[in-house]
Amino acid sequence: MGRRQKQNKKIVFSDTEFECAIPEVAPENNENPSQTQNTKNHHASKSTKETNRNNSSYKTVYFEDKSTEDNDEEYLRENAESDDEEIYQLDERKTRNQLKEHAEKLYQIRKTLPVYKVKDEIIPQLLESPVTILIGETGSGKSTQIPQFLMDISKKNIAVTQPRRVAAMNLAIRVAEEYGCHIGEEVGYSVRFNNVTTNKTKLKYITDGMLLREMMIDPKLSKYSTIIVDEAHERTILTDLLIGFLKGLLIERNANADKPTFKVIIMSATLDAEKFSKFFDNAPILFVEGKMFPVERYYIDKPADDIIDAMVKSVVQLNQGEQSGDILCFLPGQEDIDKAVNILTDIAPELPKEAPMIVPMPLYAALPPQQQMRIFAKLKPRQRKIIISTNIAETSVTVPGIKYVIDSGLRKVKVWRHQLGLSTLLTVPISKASATQRAGRAGRESAGKCFRLYKESDYFKLTDTTEPEILRSEIISPVLMLKKLGVNDILGWHWLENPGHDSLIASLQQLYSLGALDNSGNITDLGEKMVILPVAPHLAAVLIQAQELNTLNEVIDIVSCLSVDNLLITPSSEKRDDINALRLETCSLGSQFGDLIMLKELFDIFNTIKEANEKKKWCKEIAVSYKGFKNVNRIRKQIKDYMSLLENGDDHVMYEDDENDHINSPLNVELILKSFLKGFITNTAIGMPDRSYRTVTNGNLISIHPSSLLFGSKKDAMMYIEFVYTVKGYARNVSAIKLEWLQEVAPQLQGAKVSVSKS
DNA sequence: CTCGGATAC
């Protein structure tokens, strides 16, 4: 661990003091303290050179390329204002010649990039080894240029995976432009709801989830010669899983070849490089360095008791003390953010007039798209944007114009407790890698500053990297995928990160009780169907049960609603009572039977309203997301297609979409809820005489979450979709059920506190 | 009698 020499200087705030450390340029690499010593001129260096790193096999390539700058604005604008189902259409207006002309112009820029000067060095290295680990900063250009280098050489197709849809689409659009084709011709993309590829497509940007889905159908990925896994350092569950599958596939597909015919390139930020290399039998590591402007870091002297207070004070002081440039603040959650924004909005007019006028804006995923759009707005002169954000601004949304970052050093994380079958939402310190990423947000356009609301000594106590998601999540679905691909020994599989014995056993048991696995642990016909459906295994079981109970259409609608995040908007505290009353009044059955039935009722009303403007008006009144319900309709269509595929095989008839063909009245609530019990029998609780609820599985205390329509009501028994533990155990998304149903659906269930048998 | 970080099919 290299503690580097510092040139400390102090900046004094009214009652907040920051201590300054040396500028931070590239991602910190604690194994290479030497790296940060000569970083001041990084961005000026364009030449290709070898550097003496700890590992002399690292090849350093300096280059500068901003062509992969995220373009979230376009996506958000489309999402906020347009009803178009297709976000990006094939642009048929331009002729091939016009496209080539445009590409020629872009090439003038591209060929000046240092990456082009080392193209001839990189390519042989990539061709030589079946697996290469390519290290480079996000936005350095590796994601756009490397795939194009390989495109002309490669016989078969190349897939570049991304964790996020927006990134996959934007990269493909940019690369198609550089290549000089319409999107979907030689260069295309494939994400959920949007497959913009043709039989001409050689280079495809694809989400990890989509490629895994392709794998379920073609386990050998036989149409690809190269898979490039981008953003591997983010360690999402799906990326981890994919990397594990690729390891097996490399052995299988290259077994009888003298020269490897199937290649994998793992693209990552520095910190996890060794781990990837080791995982692939010491695969060579290639180092590509990007351009970042220096970011000076400051730390606070004494830790703050109240993080919101500290944030607000820092914003005010920074606004008065620093030159123009917008400020990005990181707080852990929505509640903190709303509070901070409210305080800052209140005090803004009171602040000294010499300083710029602050314009605070919140940013988090649950925020309606129109409000998220505000971060791209252009302000008047002498105004300063203060964007107060969750982790969403760390990787998913790039805010332009940021010169200053204030980092609370905290984030919220959902941790799955497989022993208890519940999740907890915790506020925890971020990792060093995450702190660096946040700081880097100030150095995208020019030199910047990052103010950390914690002590420097606390920074050194942070873990190097964020714990891989797979270690703290429910992994039922990944285990089912493994079974689908014929992996028998789940515990001994070559996991990039083994989720652990207990977690795996719990998943196997869950899959067994859902009927996805048989006594010997092999996948059943039911399991084969479940793995195809684009929903969690529990919900897949519900869908298949609903088909048997002949209430499929209704259940598809509800499951589709459950698949859309932030469909119900949490009203502000003033409006809360009115909205709740309106929802109770609007949903006559939902007010009796709970949230699942309410979703169905709301969805039906949404689809009954003809005029888009009327729909929007109604959504606003009852605090539901208009865009969300539009998405429900897309998911509904997709699930219908898959269900008919499962029923009729390959010659199934594609379902004709009609948003009004499903309003079945009256609803058979009993059949609908019994279908759900098939997947959620362990998520049930019994009402006690003292008005509390106890879970059927182990008798633990559980309360109805305040966001539920049934909050405060007393029922004999309830079923819930999710069990979260915050200040106490909460059931989210609750339905009222009858005790007899429990015994009918799970006869082995004898009484209130008797565990559901595991065997 | 109160809360929800982010992502994917």
Side-chain angles (χ1 to χ4, degrees), chain A residues 161-168 190-195 206-217 231 234-242 330-338 363-367 389-397 408 410-415 423-428 430 434 466 469-470 472-473 477-478 480-481 530-537 539-540 559-560 563-573 576-577 580 631 634-635 638-639 641-642 691-692 703-708 710-714 722 724-733:
Chain A
T161 73
Q162 293 290 323
R164 283 170 294 280
R165 293 212 294 257
V166 185
S190 176
V191 302
R192 190 179 192 178
F193 305 125
N194 268 318
N195 184 356
I206 182 170
T207 47
D208 301 299
M210 260 296 188
L211 191 64
L212 283 167
R213 189 149 284 268
E214 287 190 4
M215 246 185 144
M216 295 303 115
I217 295 152
E231 312 286 11
E234 288 191 23
R235 304 298 308 276
T236 67
I237 293 180
L238 296 180
T239 307
D240 267 27
L241 209 55
L242 185 63
F330 286 98
L331 279 174
Q334 178 177 344
E335 205 186 343
D336 311 305
I337 290 167
D338 288 340
L363 177 63
Y364 43 79
L367 209 63
S389 173
T390 60
N391 248 350
I392 192 171
E394 198 180 297
T395 48
S396 305
V397 174
S408 65
L410 299 170
R411 65 176 184 134
K412 280 197 177 184
V413 63
K414 199 174 193 172
V415 179
S423 57
T424 53
L425 200 67
L426 303 172
T427 300
V428 297
I430 58 175
S434 192
T466 308
E469 206 181 4
I470 204 163
R472 51 174 173 82
S473 308
S477 182
L480 185 58
M481 282 189 196
M530 283 165 61
V531 86
I532 297 289
L533 291 169
V535 293
L539 289 170
V559 168
S560 303
S563 303
V564 171
D565 288 331
N566 309 314
L567 186 61
L568 302 180
I569 295 160
T570 317
S572 61
S573 50
R576 189 197 304 135
D577 290 346
N580 278 345
N631 279 331
R634 301 161 94 185
I635 293 173
Q638 192 180 43
I639 294 176
D641 281 342
Y642 277 120
R691 296 182 67 86
S692 70
S703 307
I704 297 178
H705 193 274
S707 63
S708 171
L710 294 186
F711 177 62
S713 68
K714 170 87 181 72
E722 201 184 4
V724 295
Y725 199 95
T726 52
V727 288
K728 57 179 175 174
Y730 280 111
R732 295 181 66 91
N733 205 321

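Naming: A, B, ... by sequence-line order, numbering from 1 per chain.
A salt bridge links A:Arg164 with A:Glu234: the distance from a Lys NZ or Arg NE/NH1/NH2 to an Asp or Glu carboxylate oxygen falls below 4.0 Å.
To the nearest angstrom, C1' of B:dT7 lies 16 Å from CZ of A:Arg235. Put simply, CG on A:Asp240 is 18 Å from P on B:dT7, counting in whole angstrom units. In this structure, CE of A:Met530 is placed 15 Å from C1' of B:dC9, rounded to the nearest angstrom. Rounded to an integer number of Å, the gap from CD of A:Glu234 to P of B:dA8 is 11 Å. Atom CD1 in A:Ile237 sits about 16 Å away from atom P in B:dA6, given to the nearest Å. The separation between A:Gln638 atom CD and B:dA8 atom C1' is 11 Å, rounded to whole Å. The OH-C1' distance, from A:Tyr725 to B:dT2, rounds to 14 Å in whole Å. Between the CD1 atom of A:Ile470 and the C1' atom of B:dA8 there is a distance of 14 Å, given to the nearest Å.
For A:Ser434, the side chain to side chain contact (heavy atoms under 4.5 Å, CB included) test picks out A:Glu394, A:Ile430, A:Ser431, A:Arg438, A:Thr466, with sequence neighbours left out. For A:Asp240, the salt bridge (charged side-chain N to carboxylate O under 4.0 Å, His left out) partners two or more places apart in sequence, or in a different chain, are A:Arg235.
Base engagement by A:Arg576 is indicated by at least one non-hydrogen atom pair under 4.0 Å involving a base atom. Contact annotation for A:Thr390: backbone-only contact, meaning every heavy-atom pair under 4.0 Å involves sugar-phosphate atoms and none involves a base. Looking at heavy-atom distances under 4.0 Å, A:Arg164 makes contact with sugar-phosphate atoms alone, never a base. The residue A:Ser707 sits apart from the nucleic acid: no heavy atom pair falls under 4.0 Å. Residue-level contact check: A:Gly712 touches neither bases nor backbone, having no heavy atom under 4.0 Å from any strand. Using a 4.0 Å heavy-atom criterion, one finds that A:Tyr730 contacts the sugar-phosphate atoms exclusively. Looking at heavy-atom distances under 4.0 Å, A:Ile392 makes contact with sugar-phosphate atoms alone, never a base.
Closest approach to the A:Glu469 side chain among B:dA6, B:dC3, B:dC1 is made by B:dA6 (side chain taken as heavy atoms from C-beta onward). Ranking B:dA6, B:dC9, B:dG5 by closeness to the A:Val191 side chain, first place goes to B:dC9. Residue A:Pro706 places its side chain closer to B:dT2 than to any other of B:dT2, B:dG5, B:dA6. Between B:dC1, B:dC3, B:dA8, one nucleotide has an atom nearer to the side chain of A:Lys728 than all others, and that is B:dC1. The side chain of A:Gln334 has B:dG5 as its nearest neighbour among B:dC9, B:dC3, B:dG5. For A:Lys414, counting side-chain heavy atoms from C-beta on, the closest listed nucleotide (B:dA6, B:dG5, B:dC9) is B:dG5.
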- [ ] I would like to know whether A:Glu214 and A:Leu211 meet side-chain contact (heavy atoms from CB on, under 4.5 Å); could you show each step before the answer?
- [x] CA-CA 5 Å; A:Glu214 287 190 4; A:Leu211 191 64; 3.8 Å; yes
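Inter-residue side-chain proximity for A:Thr570 and A:Ser707 is flagged as unmet; no heavy-atom pair is nearer than 4.5 Å. A:Val531 has its side chain within reach of A:Met481: a pair of non-hydrogen atoms, C-beta onward, lies under 4.5 Å apart.
Comparing A:Pro534 and A:Glu335 against DNA chain B, the residue whose closest nucleotide sits nearer the 5' end is A:Glu335. Two residues, A:Val724 and A:Ala536, neighbour DNA chain B, and the one matched to the more 5' nucleotide by heavy-atom proximity is A:Val724.
Interface remark: the A:Arg192 side chain does not form any donor-acceptor pair with the B:dT7 base, using a distance-only criterion of under 3.5 Å.
Of the side-chain N and O atoms in A:Thr236, none sit less than 4.0 angstrom from OP1 or OP2 of B:dA8.
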